[in-house]
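In the text below, chain A, chain B and the rest are named by the order of the sequence lines, each starting its count at 1. Please read all numbers here as calculations on a predicted model, not as lab measurements.
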2 protein chains.
Amino acid sequence: MSKRPADPANGSVPAARQVPMRDFSRSLPMSLLRAREAVMRQFRPSLREHGLTEQQWRILRALAAIEAVEVTELARTAFLLGPSLSRILRDLEARNLIERKTAKADQRRSMVSISKEGVKLMAAVAPTSEAIYAEITRRFGARKLAELQEMLGELEHSLAGLRSADDTLAEG
Amino acid sequence: MSKRPADPANGSVPAARQVPMRDFSRSLPMSLLRAREAVMRQFRPSLREHGLTEQQWRILRALAAIEAVEVTELARTAFLLGPSLSRILRDLEARNLIERKTAKADQRRSMVSISKEGVKLMAAVAPTSEAIYAEITRRFGARKLAELQEMLGELEHSLAGLRSADDTLAEG
DNA sequence: CGCATTCATTTAACATGTTAAGTATCTCCG
DNA sequence: CGGAGATACTTAACATGTTAAATGAATGCG
């Protein structure tokens, strides 16, 4: 309560605006951003101790469950854009946490897999990570958590086909 | 539907792991990230047309509802870290979208406000932005949207006091 | 008053997000 | 088979996220 700054919706609002816009602190993007930050804040210190960023950890986790993947599919799985993934893979490879080899059939494709060292690092991080997740679940409630995830999935789904006019142009 | 890559939870999983970890594509951070991205994807093209990034838009919106704020409070309101805000304010000032003046009582503080040009730009962007938000609301459902935001707020709240061991050390 | 401490903001350094362009490879059709 | 177009990935360029350190100004206390 007292944490929030003086609520800008009340008090003396200057004549700066005509159109009444939603108090932006309650907009959906902000709600999602704050919620995600609240969650990630719990994980970052532990990851940091192991020299991993959130995204690097995402990649390792994605790789741990699979033999090898093409970069493009890994990007989808870890929800990273190509350029970000490209940079991160370069660094992870330099740290010997992953391995790469070009596909035989298609020289363009590169198959990525987690290395033995990568597996070891995951094993070191996973317990803490799981404990944090468990604590979050405990605090928020397992049922509510499931409900929330369900709603998030629906939101994502309901916007899947929505594209702005700009995108439509770029369709070709 | 067909957009999602082959579900990594099925198929041949190598012996890479001992500890069964949640399929990470269903972890809470990923759910939140994907949901937020689905939402922001709708807004970015419109903002881009006006030469604004998501964060710049957040700042303008925060400023529009208030006379002037200190940088630190603006950071809280727009949910940006100090360094990010500092850079963005420098750029927005160069574009004459905001104004700054150091506080009289405390030379350290800088009071930020939106400029006349900034107001004009907001007026140009707001209609499209509101229309997009309305469409999102229509698709997802107003009631469900309210529920979702409620849950997100609860999640944030339930993690407010949770701090990892690392943070505790830094308390002093 | 003098100075160590705190505070507000900025700068620095590195990592990622985002879009556009580049490179190498493959595919397919004439 | 050969070159236009598609595809997989990388590089480039700019903006932000993130943490640490620096700078400049206020505060408190001896």
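Where Asp91(A) and Lys104(A) meet DNA chain C, the nucleotide closest to each residue was compared, and Asp91(A) sits on the side nearer the 5' end. Taking the nucleotide of DNA chain D with the nearest heavy atom to each of Arg48(A) and Val69(A), the more 5' of the two is matched to Val69(A).
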Report task. Report the C-alpha distance between Arg41(A) and Glu37(A) in whole Å, list the side-chain angles of each, state the deciding distance to 0.1 Å, and finish with yes or no for side chain to side chain contact (heavy atoms under 4.5 Å, CB included). Result -> CA-CA 6 Å; Arg41(A) 191 193 308 286; Glu37(A) 177 53 28; 3.7 Å; yes
Query raised in the report: Could you go step by step and tell me if Thr77(A) and Val69(A) meet the side chain to side chain contact (heavy atoms under 4.5 Å, CB included) rule?
Result: CA-CA 10 Å; Thr77(A) 307; Val69(A) 269; 5.7 Å; no
Query raised in the report: So Glu135(A) and Arg138(A), salt bridge (charged side-chain N to carboxylate O under 4.0 Å, His left out) or not? Walk me through it.
Result: CA-CA 5 Å; Glu135(A) 174 65 10; Arg138(A) 192 187 67 71; 3.0 Å; yes
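Nucleotides of DNA chain D lying under 4.0 Å from heavy atoms of chain B occupy a range whose first and last members, 5' to 3', are dA15(D) to dA26(D).
Residues passing the side chain to side chain contact (heavy atoms under 4.5 Å, CB included) test with Asn96(A) are Glu117(A), sequence neighbours excluded. Partners of Ser113(B) according to the side chain to side chain donor-acceptor pair (under 3.5 Å) rule, which considers only residues two or more places apart in sequence or in another chain, do not exist here. Under the side chain to side chain contact (heavy atoms under 4.5 Å, CB included) criterion, Arg108(B) pairs with Asp106(B), sequence neighbours left out. The side chain to side chain contact (heavy atoms under 4.5 Å, CB included) check on Glu150(A) picks up Glu154(A), with sequence neighbours excluded.
Nearest heavy atom pair, residue Ser158(B) against residue Phe140(A), reads OG-CD1, 3.8 Å.
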Query raised in the report: How would nucleotides 4-12 of chain C be written as a contact map, 5' to 3', with B for base contact, S for sugar-phosphate-only contact and - for no contact, using protein heavy atoms under 4.0 Å?
Result: ---BSSSBB
